[in-house]
Amino acid sequence: MAAETGIKLYLNTILKNKSGLIGLLMIIIFVALSIYAVTAYSNVNNEWKNGMYWESYPKNAMPYWMSYFNPQKIFGTETLTTKPSLLYSSSNYYIYQLNYNFTWSKDKPPTDVIFYIKSSTPMESIQILWIKPDGTNITLSTTSQPSSYTDLISLSSSIKSYMSEQIGYVPPTVTPQLLSQSLFGYEGKGLLNGTIEKGLYKVQVTIVTSPNTKILINKLYLEGNAYGLFGTDIYGRPIDLGILLGLPNALEIGLLTSIISVIGGVIIGGISGFLGGKTDSAMNWVTLVILVLPALPFLVVLSYVMRPNLLLEALLIAFLSWPFYAIIARSAAQSIKNMTFVEADKVLGIPSYRTFFTHFMPRLTPFAIAYTALGVPGAIILVETLSFLGLTPAGLVTWGSILDSAESNFAAVNGWWWWILFPGLMIILVSIPFVMIGFSIEKAVFGGK
Amino acid sequence: MSHAGYIDSNVLIKTEGLKVYFVKGGFLSEKQITKAVDGVDMKINKGEVMALVGESGSGKTTLGRAMIGLQKPTDGKIIYNRDNNPIIITPKTKIIKHIRKELQMVYQDPYSSIDPYMKVYDALSMPLKYAKIKNKESINKKIEEVLNMVGLPLDLINNYVFQLSGGQRQRLSIARALSLDPRFLVADEPVTMLDASLKGEIVDLLKKINKKTGITILFITHELPIAKIIANRISVMYKGKIVESGRAQTVLTDPLHPYTQVLLEAYPKINPESKDTIKTIKVKESNISASKIKGCPFYDRCPFATQKCLEKMPDIKSISSDHEVACWLY
Amino acid sequence: MPLLSVRDFSIHFYTPKGVRKAVDRVNLDLSKKEVIGIAGESGSGKSTLAMGIMRLITPPGKIVGGKILFNNEDILSYNEGKFNKEIRWKKISMIFQGSMNGFTPVFKIGQQIEEVLEIHEYKGNFKERVNELLKMVELDPSVSDKYPHELSGGMRQRAFIAMALALNPEILICDEPTTALDVITQAKIINLLKTLKKDLGLSIIFITHDLALLSEISDRLYIMYAGGIMESGYSLDLYKNPKHPYTQLLMDSIADINKDYIKGIPGFMPDLANLPKGCRFSDRCPYAMDICKQKEPELKRIEGDRYVSCWLY
């Protein structure tokens with residue numbers, strides 16, 4: 001039927017058109033990435049909200065490639081491990097010792113120092129002897145029973161006492177930066193002035209456990225301030241991972257919403273224009289009423305009340321979007337109705353429903369396809385906006401939610417530009433291929449005929 | 001549909017006082033009434049070709065469409081003599097469905113009267129399918145028959161309509177209309193949009209079909225020579241009224257109505273000797289609004305117009321057997 | 001000495017599908033007080049030729065060669081500025097099929113004609129000239145105060161003719177000026193043109209597909225096909241005795257009230273981007289010979305003022 005040549009014709013036109021080709025390629029890449037994200041990282045998806053999972057990651061780290069600009073001040077995380085030696089064993093307790101040695105040559109201290117020790121049974125206590133290159137040392141311990149992750153905050157009371165020893169007071173706000181600075185700065189009044197000692201550091205960790213406990217994993221993280229392709233957020237979650245996980249969601253919702261609203265709109269508008277008369281007037285009225293409704297406020301309220309899943313959210317957005325397409329389809333149908341062959345069909349005794357399928361559908365379909373492609377970016381932006389406002393469908397990682405998080409944590413004020421820039425760019429980037437394909441289809445539709 | 005009404009047995013279709021008025025506006029703006037067909041009595045005999053001649057705006061297309069039920073009449077009746085069982089179509093009648101096949105139409109523009117994106121086979125088979133010819137074999141047979149009749153090769157059925165030329169498409173239109181075995185065919189300016197070199201073919205084709213199948217044709221045109229070639233009888237229409245009608249030969253060689261006379265005089269003829277002669281066109285410039293004329297619509301341009309012409313519509317007079325005219329001169 | 005001499009005039013259209021030779025090395029002559037008719041079917045190039053003489057060809061079309069001698073000067077060599085100042089609308093003017101719609105609806109007729117006078121720096125009283133022009137085209141001077149929509153199609157066409165004659169041109173090109181008008185108005189416009197020829201000494205190039213119409217006004221005739229001139233000669237002779245096979249077939253296809261048949265011309269006009277080798281009519285010609293398919297015939301004078309482009313002669 002004419003439809004077959006139609007499809008081949010469109011594919012050909014898209015492929016011949018440079019922007020269409022690029023668009024198609026980009027979409028193939030995105031779909032491949034989405035499949036990768038869904039298969040390889042499905043477990044990560046579930047852990048996104050779990051703070052503990054991201055403990056060992058540097059927090060607020062900028063993208064790793066920034067370190068090439070200034071290796072002294074921007075650096076990644078160094079991980080050290082060592083063989084635990086059992087110092088003492090008795091029927092009451094075991095004592096293990098871990099010795100770490102490392103050379104520090106950067107201009108800034110690590111953003112955090114994290115001891116990750118996984119033992120077969122919970123540890124009783126930890127004591128850390130921190131020896132700086134110049135020989136001065138600090139003894140650190142936790143105030144409560146140690147967990148597997150011991151970071152500087154857990155050791156803060158010991159470090160704070162050390163601070164007040166050295167400079168005579170404890171600063172009102174104590175950040176991990178400051179704590180780290182204490183471990184790496186020169187002893188004395190200038191402990192927190194920013195200069196740090198470069199050279200060989202020795203760290204001795206003494207662990208007391210219950211008898212017969214084994215140290216399974218031990219790691220010393222000297223957290224850098226750079227990590228990953230796009231850096232990390234305040235919880236240590238890599239932005240590149242967030243973007244990857246958000247991609248399939250964005251694509252799915254975008255496509256679903258667009259398809260439903262376009263097909264719905266075209267069918268309603270097309271039939272309305274075709275039928276004319278009272279049915280048309282009624283349908284047109286309904287279309288205009290919904291068209292005038294302010295989409296975003298409605299969606300916000302409905303999303304808040306219904307807390308929809310992905311499919312329902314798509315339906316919701318589609319419900320407010322279809323009128324736009326219905327109006328276009330209606331006027332297209334009306335102009336087709338004026339073509340002589342429509343009346344000729346009537347004279348030849350062909351029933352009107354058949355006329356609709358033979359003449360109207362093939363002429364409305366190209367619109368539908370072009371607008372589906374062009375509608376995806378709008379749908380994605382709408383979804384991400386809702387997500388930004390806190391209305392993400394349950395259990396999903398979306399770019400909007402990442403931006404929401406950035407906003408609540410004052411990312412802009414704090415200068416964590418990567419947290420905002422890359423998710424934002426992605427929203428734009430993912431829209432581009434659909435627009436390109438949409439325009440090249442539009443060109444095929446309007447140029448050819 | 002009532003089945004009363006007197007009609008001659010050799011008349012296929014006739015109109016009595018047929019009026020088609022179009023009303024524009026109404027609620028907020030002034031009502032504008034266009035009297036496209038303003039009281040037409042026309043008789044078309046079985047098996048004949050009647051040419052309906054007039055300028056654009058004369059109402060000829062509207063009249064043709066009304067006669068086959070595509071345009072609802074405002075007043076008057078159309079009587080279709082179906083197998084000596086006359087059926088009356090009045091403004092109150094619903095559009096006739098089971099009679100639909102018998103009254104067919106060929107449109108003026110071959111490029112828009114068939115969907116160019118259809119396959120030729122589908123264009124031909126669809127009407128047959130819905131005419132309840134279920135058997136695929138009979139459908140194919142009929143398609144072969146009509147393609148033959150219009151002179152199109154059978155292998156064209158695999159082509160798409162957009163691959164066909166204007167002349168071929170017009171033949172296809174005719175084939176489609178014929179496939180339903182109609183009794184009455186309205187051909188609305190079927191050759192007007194074709195090149196001069198193609199007009200002859202289509203006109204000859206319709207002539208041949210009329211002779212072979214005896215189908216009655218209403219041939220609407222503004223080209224007088226074409227009417228002369230194909231028509232048995234001619235009706236001349238001006239501003240919604242038939243001003244003259246009769247045998248084609250008679251009307252065209254001996255026109256009675258001043259309008260017909262002026263039309264024939266003005267129509268270009270091959271006459272190289274006349275290249276420096278000013279033609280006498282017996283027509284005045286119109287300077288009265290059409291709505292003020294209660295009588296003959298040609299009043300404002302007629303060189304012989306009298307007060308009577310302004311006030312009263314002339315009766316139709318038979319001047320000879322088969323030559324009627326509506327003019328106070330007679 | 002002809003008033004206008006077109007020699008070897010060619011106009012090509014550069015399209016993605018190829019180069020369409022819309023006008024291919026056309027020669028024609030127009031004398032003072034003469035009406036020449038250019039006849040051809042749609043696609044023959046006759047309108048393009050007219051636009052070409054007025055230098056109104058837009059891309060993808062381009063005038064690629066030839067000479068147009070007006071009073072012995074090659075006006076084709078003039079640059080656009082000079083042509084516009086001296087020739088267009090001043091010496092050679094044009095009316096088209098849609099001219100009646102060439103007036104803008106927001107100004108009165110008189111104002112629009114006066115605007116033309118102004119643009120072309122007419123020296124003289126504008127209002128007087130407008131009245132003079134309207135009288136010339138048999139319109140009442142009150143028309144100058146009317147808006148275009150207040151006039152009928154025929155009256156607007158006359159008004160446009162008045163505007164075309166505003167600067168007293170010597171040549172008026174008419175491209176299908178009456179095709180959109182009813183038969184009676186058409187006859188009146190033709191009468192008008194004949195009167196203008198007699199009273200003003202106007203030379204006219206009349207272009208149409210309607211050969212019957214042409215017979216009523218032309219002194220001489222050019223038959224055009226697929227971009228080239230097939231035959232030319234005096235109207236009287238040509239209609240009685242057409243020489244070129246295409247002309248013969250064309251004459252047979254005219255619907256004339258005195259005939260009771262019209263014949264068609266089998267085949268299709270060739271693709272102007274892909275003209276056949278040899279004579280452009282060879283694939284439809286009933287008398288085609290081998291040489292017709294090999295070599296293109298030249299426009300040759302065969303008798304008197306009759307020129308034919310055909311190997312039969």
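Quick note on labels: first sequence line is chain A, next is B, and so on, each numbered from 1. All of these numbers come straight from a predicted model, not from anything done at the bench.
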> I want to check something: taking the side chain as every heavy atom from C-beta on, are B:Val120 and B:Leu152 in contact at a cut-off of under 4.5 Å?
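The answer is no; the side chains never approach within 4.5 Å.
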> Could you have a look at C:Val35, C:Ile217, C:Ile257, C:Leu221 and say which one has the most heavy-atom pairs with chain B under 4.5 angstrom?
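Max contact count across the listed options: C:Ile257.
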> Which one, B:Gly167, B:Gly57, B:Gly200, leads in non-hydrogen pairs under 4.5 Å with chain C?
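The answer is B:Gly200.
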> Would you say the side chain of C:Leu250 lies within less than 4.5 Å of the side chain of C:Ile223, judging by non-hydrogen atoms?
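C:Ile223 reaches C:Leu250 side chain to side chain.
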> So how far is it from C:Ile173 CD1 to C:Ile205 CD1, rounded to the nearest 0.5 Å?
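With rounding to 0.5 Å, CD1 (C:Ile173) is 4.5 Å from CD1 (C:Ile205).
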> Select one option (side chain, backbone, both, neither) describing which atoms of B:Leu264 are under 4.5 Å from chain C's heavy atoms.
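B:Leu264 touches chain C through side-chain heavy atoms alone.
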> How long is the span from the SG atom in B:Cys327 to the CD atom in B:Glu244, to the nearest 0.5 Å?
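One gets 9.0 Å once the value is rounded to the nearest 0.5 Å.
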> Side chains of C:Ile207 and C:Cys174: closer than 4.5 Å at any heavy-atom pair?
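Heavy-atom side-chain distance check fails, nothing below 4.5 Å.
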> If you check both backbone and side chains, which donor-acceptor pairs between chain B and chain C fall under 3.5 Å?
unit_1	atom_1	unit_2	atom_2	d
B:Glu55	OE1	C:Val183	N	2.9
B:Asp195	OD1	C:Ser42	OG	3.1
B:Asp195	OD2	C:Ser42	OG	3.3
B:Ser197	O	C:Ile265	N	3.3
B:Ser197	OG	C:Glu41	OE2	2.8
B:Lys228	NZ	C:Ile257	O	2.8
B:Lys269	N	C:Glu216	OE2	3.0
B:Lys269	O	C:Ser215	OG	3.0
B:Ile270	N	C:Asp256	OD1	2.9
B:Asn271	N	C:Ser215	OG	2.8
B:Ser274	O	C:Lys194	NZ	3.2
B:Lys275	NZ	C:Asp219	OD1	2.5
B:Asp276	OD1	C:Lys197	NZ	2.8
B:Thr277	O	C:Lys194	NZ	2.6
B:Lys279	N	C:Asn191	OD1	2.9
B:Lys279	O	C:Asn191	ND2	2.8
B:Lys279	NZ	C:Glu216	OE1	3.1
B:Lys279	NZ	C:Glu216	OE2	3.0
B:Glu285	OE2	C:Lys188	NZ	3.0

> Measure distances from C:Ile254 to the heavy atoms of chain B and classify the residue's part below 4.5 Å as side chain, backbone, both or neither.
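When you check distances to chain B, only side chain atoms of C:Ile254 fall under 4.5 Å.
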> Measuring from atom CD1 of C:Ile190 to atom CD1 of B:Ile278, what distance do you get when rounded to the nearest 0.5 angstrom?
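Separation between the atoms: 10.5 Å.
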> Within the 4.5 Å heavy-atom criterion, are B:Pro268 and C:Leu214 side-chain neighbours or not?
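Of all side-chain heavy-atom pairs linking C:Leu214 with B:Pro268, none is under 4.5 Å.
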> For B:Ile174 and B:Ile209, what are the C-alpha separation, side-chain angles and deciding distance, and is it a side-chain contact (heavy atoms from CB on, under 4.5 Å)?
CA-CA 10 Å; B:Ile174 297 173; B:Ile209 293 172; 3.8 Å; yes
